[in-house]
Amino acid sequence: MSSSEELHKRRVAAVARGVGSTINSYVASAGGGTLTDVEGREWIDFASGIAVTNVGNAAPKVVEAVRAQVERFTHTCFMVAPYESYVAVCEQLIELTPGSFEKRAALFNSGAEAVENAVKIARHATGRQAVVVFDHAYHGRTNLTMALTAKNMPYKHRFGPFAPEVYRAPMSYPLRDGGLDGPEAARRAIDVIEKQVGAGNVAAVLIEPIQGEGGFVVPAQGFLPALAAWAAEAGAVFIADEIQTGFCRTGQWFASEHEGLEPDLITTAKGMGGGLPIAGVVGRASLMDAVHAGGLGGTYGGNPVACAAALAAIETMRELDLVTAAQRIENVLKSALSEIPDIAEVRGRGAMLAIELVKPGSLEPDAARTAAVSKACHDAGLLTLTCGTYGNVLRFLPPLVISDEDLHRGLDILREALRN
Ligand SMILES: *Cc1c(COP(=O)(O)O)cnc(C)c1O
């Protein structure tokens with residue numbers, strides 16, 4: 001196999017510069033907590049391919065299910081000739097997501113596509129156009145989802161014009177909110193919506209229950225339920241974007257459960273497919289079924305190989321009780337991180353945790369230190385990611401099947417990187 005250096009040369013000559021990578025080492029194999037590069041160097045994985053490989057990068061059941069399905073058939077297009085596994089994945093989404101009402105689901109290829117479709121459904125069902133999103137939100141890279149995403153660099157810069165009828169409300173960000181509690185922060189957001197959009201114009205309120213790329217911001221308790229209650233009152237669809245938070249990641253099957261939320265629609269992707277590209281929208285039957293036949297779909301949405309992988313990944317999550325595994329990871333990481341000095345905040349839930357770094361004695365974001373710590377982790381063999389509007393958040397997303405040993409080895413590297 002070529003060396004990482006050789007591969008990097010080929011990459012620079014062949015792959016568009018706009019597609020970046022966190023590290024310049026090329027992967028040869030990966031398991032349930034480590035990656036091995038082409039030089040045989042091992043990396044402890046605190047990234048999970050951005051919260052995707054909750055069951056690991058090569059979960060035995062997923063591997064077996066994919067192999068078996070590929071041998072049977074790779075594609076027919078569900079819109080042309082349907083097959084059982086698509087239906088079975090929708091049944092699982094209905095069963096696993098919060099919401100005691102009757103539900104329907106539909107499958108897509110990527111998170112952005114799921115978000116686009118949730119907005120299509122909400123607009124169609126309500127006959128309204130406005131979509132309310134929040135500061136620091138991330139919803140994807142397609143044209144509509146760029147408009148829904150808050151941050152200019154790198155996601156939106158010079159990619160406009162963006163889709164219209166998207167309105168941004170203030171988020172609950174406890175570290176930077178000067179003591180506003182959840183209901184007060186919701187009131188602030190609702191004021192903006194009522195004054196600038198008008199309750200009767202809102203098709204959907206779209207929010208990540210814990211923000212992902214925006215900095216792993218956990219809204220103050222009561223913020224989400226107050227927004228959901230307002231949306232219900234206003235006749236707007238409350239959409240939880242659980243693409244990063246779903247499938248056991250936060251110590252519940254879905255993060256909405258932490259506050260007893262029953263979103264009208266939920267978008268899922270990432271952890272759902274055990275590494276294969278698959279996404280879904282699930283929610284109230286009355287909304288989902290409002291759309292005319294043929295109004296939703298796509299050539300590859302709910303591809304049979306991806307469906308087989310998703311069913312096997314979900315079975316693995318149940319069998320290994322990855323909800324509890326995520327809670328255990330939270331306990332280990334949170335107690336270790338809270339002992340480290342000079343961290344503004346340790347936050348998150350389950351195996352979706354982050355630290356925010358600021359300049360001493362202030363709330364001024366310290367992006368330079370964050371980048372330096374991240375680089376030191378990479379040099380020492382720990383794969384971590386940064387995030388946040390200000391680039392000053394280090395996030396930790398280990399696979400939920402990571403061994404205690406790898407978790408502690410990763411923590412040791414992180415501690416050392418923060419100390420220096
Ligand atoms: C990753 C992500 C998306 C976009 O998913 P893609 O599969 O990359 O299109 C949307 N919303 C949230 C919250 C995400 O974390």
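Whatever order the structure lists ligands and atoms in, that order sets their numbers, starting from 1. Everything quoted here is computed from the prediction, not taken from an experiment.
The aromatic rings of Tyr173 and His136 sit perpendicular, their planes meeting at an angle over 60°, well past the 30° parallel limit.
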Are there any N/O pairs under 3.5 Å between ligand 1 and the protein, and if so, what are their distances?
| from | atom 1 | to | atom 2 | distance (Å) |
| --- | --- | --- | --- | --- |
| ligand 1 | 7 (O) | Gly111 | N | 2.7 |
| ligand 1 | 9 (O) | Gly111 | N | 3.3 |
| ligand 1 | 9 (O) | Ala112 | N | 2.8 |
| ligand 1 | 11 (N) | Tyr138 | O | 3.4 |
| ligand 1 | 11 (N) | Asp241 | OD1 | 3.4 |
| ligand 1 | 11 (N) | Asp241 | OD2 | 2.7 |
| ligand 1 | 15 (O) | Gln244 | NE2 | 2.9 |
| ligand 1 | 15 (O) | Lys270 | NZ | 2.7 |

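Between Val332 and His408, some side-chain heavy-atom pair lies under the 4.5 Å cut-off. Contact of the Arg176 side chain with the Val358 side chain is registered, since non-hydrogen atoms from C-beta on lie closer than 4.5 Å.
Shown here are the side chain to side chain donor-acceptor pair (under 3.5 Å) partners of Asn331, two or more places apart in sequence or in another chain: there are none.
Using a 3.5 Å distance cut-off with no hydrogens or angles, the side chains of Thr267 and Asp241 do pair a donor with an acceptor.
Using a cutoff of 4.0 Å between basic side-chain nitrogens and carboxylate oxygens, Glu95 and Arg318 are scored as salt-bridged.
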